[in-house]
There are 2 protein chains.
Amino acid sequence: MALFLSRFDNKVDRKGRVSVPASFRADLTSDAFAGVVAFPSPGNGGAIDGCDIDRMKQLSDGIDSFNPFSNEYGDLATAILTKSHRLPFDGEGRIILPQQLLAHAGITSMATFAGRGATFQIWAPEAYEAYEAEATERAKAQADKFELQRRDQMGAGE
Amino acid sequence: MALFLSRFDNKVDRKGRVSVPASFRADLTSDAFAGVVAFPSPGNGGAIDGCDIDRMKQLSDGIDSFNPFSNEYGDLATAILTKSHRLPFDGEGRIILPQQLLAHAGITSMATFAGRGATFQIWAPEAYEAYEAEATERAKAQADKFELQRRDQMGAGE
DNA sequence: CATAAAATGGCATGATATCCCATGAAAGCC
DNA sequence: GGCTTTCATGGGATATCATGCCATTTTATG
């Protein structure tokens, strides 16, 4: 399973091409497909969600971590599949962000890649800054939840 | 499972490189990745948290058990995963601390590694001294309380 | 069918990270 | 107590990566 970490701000050239962070590429390359699967994030308005093809397959199979039998999520999964784009790497590890996604995220000259473990997001840098501030506030307010999570992990690891 | 012990003060050279204590390295080396995963400590302001890749994977899996499009997932991912860095060893067991982490911890010429069992922290030495003094105070207070409780228990029992 | 526009692939470049070897100090060993 | 090994540290050589530029192919358009 992929583990996307860290943040990278890369330039979008005139043709809409962006270098995918080198450390992401290994996890995005498989026999099935070498590239990114991207779609407008259902959770965060201005973000693009990105993942590898295997995760998208899981979503399609309905065996993702959220409840596959719920009709609500079934609709969501279907909508995601319809809005998803396959973005293959060129020889230098770049992808082309389609106009539709660029517009959705308000990306012009720079793109922020934010690692999120099994997935990552792509943002306009300013939008990400704003989101980060917001999310950090919420995370602080809910530190108790975070602690619980950590304890679960520590328990599981021992 | 890793067991990081003791304290080490190592030099940060002109290129931002630091030797990871030799006794830490075995626990930080696996098939998946040989190096440190580091992120700003959510608890202690000026510290950097360090761990091995397996622990980070567990944390990521834990976060992934939330709905990927929920605030819980997003907030935790933003607070930890996006702020984490993979820092691979060079041939001599050194890592490069990114500018962002150096700034967060206020590290300039020296870095203090503090073993904490399954994880460790990296501090600016002065900051660590201050933290340790404070923590010692708290520990004393806890020990006193513990003593009192013990006496109560013994008193009640007799 | 011809021409312009756009997509795609390939190559060049500068910055940065990685590799490799050297040195000295400390620790362990015989 | 002298010898050997491990480790932290330094510097220069090399490779990788993001990115710009150009060539070639493909797709629209008149």
Side-chain angles (χ1 to χ4, degrees), chain A residues 4-29 33-36 38 48 50 85-103 107-115 120-125 128, chain B residues 4-29 32-38 48 50 53 82 84-103 107-115 120 122-125 128:
Chain A
F4 301 109
L5 298 176
S6 194
R7 170 184 168 174
F8 303 88
D9 290 74
N10 287 345
K11 188 151 195 226
V12 180
D13 72 14
R14 251 174 312 153
K15 303 165 188 172
R17 295 188 294 192
V18 211
S19 264
V20 174
S23 63
F24 285 17
R25 286 180 208 154
D27 283 336
L28 292 167
T29 301
F33 179 64
V36 174
I48 300 166
H85 300 256
R86 277 174 188 257
L87 311 177
F89 291 140
D90 71 8
E92 280 70 45
R94 290 175 291 197
I95 56 174
I96 298 178
L97 289 173
Q99 198 52 49
Q100 200 180 351
L101 292 179
L102 288 173
I107 293 171
T108 54
S109 66
M110 294 288 288
T112 296
F113 289 77
F120 59 91
Q121 291 188 328
I122 308 174
W123 292 79
Y128 182 73
Chain B
F4 301 108
L5 298 176
S6 177
R7 170 184 170 174
F8 303 87
D9 291 74
N10 287 345
K11 186 156 195 222
V12 181
D13 72 14
R14 220 159 5 112
K15 299 177 179 177
R17 298 183 295 191
V18 210
S19 263
V20 173
S23 61
F24 286 16
R25 287 180 208 154
D27 284 335
L28 293 167
T29 301
F33 180 65
V36 174
V37 177
I48 299 166
I53 190 93
T82 305
S84 292
H85 299 258
R86 294 169 106 109
L87 311 177
F89 291 139
D90 70 8
E92 282 70 43
R94 290 174 290 195
I95 56 174
I96 297 179
L97 290 173
Q99 199 51 50
Q100 200 182 351
L101 291 179
L102 288 174
I107 293 171
T108 54
S109 65
M110 293 289 289
T112 297
F113 290 77
F120 59 91
I122 308 174
W123 294 78
Y128 182 73

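Each chain gets a letter, A, B and so on, in the order its sequence line appears, and its residues count up from 1. Source: prediction; values computed, not measured.
- For the atom pair CG (A:Leu87) and CD1 (A:Ile96), the distance works out to 8.5 Å, reported to the nearest 0.5 Å.
- The nearest whole Å value for the distance from the CG atom in B:Asp90 to the C1' atom in C:dT16 is 15 Å.
- Residue-to-nucleotide contacts include no donor-acceptor pair under 3.5 Å from the side chain of B:Lys15 to the base of C:dT16.
- Rounded to a whole Å, the CG atom of A:Asn10 is 14 Å from the P atom of C:dT16.
- In this view, B:Phe8 and B:Phe24 satisfy the ring pair (Phe, Tyr, Trp, His ring centres under 6.0 Å) rule, not counting sequence neighbours.
- Summarising the geometry, the separation between CG on A:Asp13 and P on C:dA12 is reported as 19 Å, rounded to the nearest angstrom.
- Taking all atoms of both residues into account, the shortest heavy-atom contact from A:Pro125 to A:Thr112 is CA-OG1, 3.2 Å.
- Atom pair B:Phe89:CZ and D:dT9:P shows a separation of 15 Å (rounding to whole Å applied).
- One interatomic measurement links the two molecules: CD of A:Gln99 to C1' of C:dA7, which rounds to 14 Å at whole-angstrom precision.
- Once rounded to the nearest 0.5 Å, the distance linking CG of B:Leu101 with CD1 of B:Ile107 reads 8.0 Å.
- At a cut-off of 3.5 angstrom, counting only N and O atoms as typed in the model, there is no donor on one side facing an acceptor on the other between the side-chain of B:Glu92 and the base of C:dC19.
- Put simply, CZ on A:Phe8 is 15 Å from P on C:dT16, counting in whole angstrom units.
- For DNA chain C, the neighbouring residues in residues 16-24 of chain A, judged by any heavy atom under 4.0 Å, are A:Arg17.
- Summarising the geometry, the separation between CG on A:Asp9 and C1' on D:dA18 is reported as 13 Å, rounded to the nearest angstrom.
- Looking at A:Ile95 and A:Leu97, their side chains come closer than 4.5 Å, going by heavy atoms from C-beta outward.
- Annotation: side-chain hydrogen bond (donor to acceptor under 3.5 Å, both in side chains) contacts involving residues 12-25 of chain A, sequence neighbours excluded, comprise A:Asp13-A:Arg17.
- In this structure, CZ of A:Arg94 is placed 14 Å from P of D:dC17, rounded to the nearest angstrom.
- Within the structure, a side-chain polar atom (N or O) of B:Arg14 is placed less than 4.0 Å from OP1 or OP2 of D:dG11.
- Below 30°, between 30° and 60°, or above 60°: for A:Phe120 and A:Phe4 the angle between ring planes is above 60°, a perpendicular geometry.
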